[in-house]
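Take a look at the structure below.
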Protein chains: 2
Amino acid sequence: MTNAEPWSALGEFIRSQRQLARLSLRQLAELTSVSNPYLSQIERGLYRPSAQVLKSIAEALHLSAETIYAEAGLLDQRGAETAASPRVEAAIRLDPELSTEQKEALIQVYRGFLRGR
Amino acid sequence: MTNAEPWSALGEFIRSQRQLARLSLRQLAELTSVSNPYLSQIERGLYRPSAQVLKSIAEALHLSAETIYAEAGLLDQRGAETAASPRVEAAIRLDPELSTEQKEALIQVYRGFLRGR
DNA sequence: AGCGTTTGCTTGGTAGACTTAGCAACACGT
DNA sequence: ACGTGTTGCTAAGTCTACCAAGCAAACGCT
């Protein structure tokens with residue numbers, strides 16, 4: 001059964017990158033400390049590897065983690081469109097300079113403004 | 001048993017972001033189509049969520065996937081946090097829902113908070 | 001007081017991510 | 001011809017990410 005799972009594109013991508021790097025399955029397995037049979041299964045699209053496995057593969061192949069995550073469809077590629085409103089709240093929440101209470105207060109004010117218009 | 005797994009920082013981060021967004025576990029569960037008990041376990045650091053779960057959480061909380069991956073240590077990538085202050089102000093200025101006066105007021109409040117600490 | 005709802009959590013179970021052991025086919029040196 | 005090493009793969013098992021069902025405590029609301 002030549003089974004082509006929808007996400008197998010990732011596996012083929014990894015395999016091609018590995019071959020371009022002239023690495024055998026076992027060599028890549030050693031570099032990533034992932035078992036070689038499992039790597040084989042990943043490349044054939046039988047399983048979807050966890051993020052940590054993806055990350056170590058990326059490092060071993062000298063790819064950026066983003067590249068491989070994007071290929072895996074885990075990184076809604078290119079700046080998410082995100083409507084404007086949530087962007088303000090998100091920016092506030094991530095600000096390391098503010099305390100939790102200050103964040104909540106700011107968001108309350110912001111929502112109050114939205115409510116008015 | 002107050003066990004603090006090494007990766008529980010991620011869980012605490014998610015929980016704080018969820019609470020700042022004023023969402024209950026079940027609300028976030030619905031948004032992410034992840035079961036609420038599992039979310040609870042993630043937030044308490046009992047399990048490490050897969051990349052796809054992380055991604056949907058990021059979307060529901062209006063965070064970039066990169067942000068949450070970085071928090072999970074899956075994206076050791078370069079300087080993640082960056083200067084946050086300009087980001088909040090920029091987001092406010094770009095918000096089309098706010099009037100000019102409202103934007104100025106919000107930024108005044110924000111700068112007041114920064115002044116304090 | 002009572003009942004409905006909402007909160008977060010525990011329990012039991014399933015599936016799939018991942019491993020160790022091992023196999024068949026192909027290359028090489030003798 | 002026979003080793004020995006390499007290649008990728010299969011088989012069988014373990015572990016854990018994840019879900020459905022359900023529970024106790026806290027909240028209204030009447």
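First the proteins, then the strands, lettered A, B, ... as listed; each starts at 1. Just so we're clear, the structure is a prediction, and the values are computed from it rather than from any experiment.
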Check: R26(B) side chain, dT7(C) base, donor-acceptor under 3.5 Å: yes
Sugar-phosphate only, base, or nothing, as touched by R22(B) at under 4.0 Å among non-hydrogen atoms: nothing
Y47(A), nearest nucleotide to its side chain (from dG8(C), dG16(C), dC9(D)): dG16(C)
R48(B)-Q52(A) side chain donor-acceptor pair, cut-off 3.5 Å: yes
R15(A) CZ - dT7(D) P separation (whole Å): 13 Å
Between dT6(D) (C1') and E30(A) (CD): distance, integer Å: 14 Å
Rounded interatomic separation in angstrom, taking CG from N36(B) and P from dG22(D): 14 Å
Per S50(B) side chain, nearest of listed nucleotides dT10(D), dC9(C), dA17(D): dA17(D)
Sugar-phosphate only, base, or nothing, as touched by S35(A) at under 4.0 Å among non-hydrogen atoms: base
Nearest-Å distance for atom pair CD1/C1', residues I57(A) and dC18(C): 12 Å
Integer-rounded Å distance: dA20(D) C1' and L39(B) CG: 15 Å
Salt bridge flag under 4.0 Å for residues E30(B) and R26(B): no
Shortest side-chain distance from L25(A), nucleotide among dG8(C), dC9(C), dG8(D): dG8(D)
Within 6.0 Å of CD in Q19(B), more than 12 heavy atoms from elsewhere: yes
Interatomic distance where CG belongs to L46(B) and C1' belongs to dC15(D) [whole Å]: 15 Å
Side-chain N,O (R18(B)) to OP1/OP2 (dT7(C)) below 4.0 Å: no
Base of dG16(C) paired with side chain of R48(A) (donor-acceptor, under 3.5 Å): no
Nearest-nucleotide comparison on DNA chain C, the residue closer to the 5′ end among S24(B) and Y38(B): S24(B)
Interatomic distance, Q52(A) CD vs dC15(D) P [rounded to whole Å]: 18 Å
Options dT10(D), dC19(D), dC18(C), nucleotide nearest the side-chain atoms of Q41(B): dC19(D)
Nearest-Å distance for atom pair CG/C1', residues L23(A) and dT6(D): 14 Å
Test: E12(A) and R44(A) ion pair at under 4.0 Å: no
Nearest-0.5 Å distance, CG of residue L20(B) to CG of residue L106(A): 11.5 Å
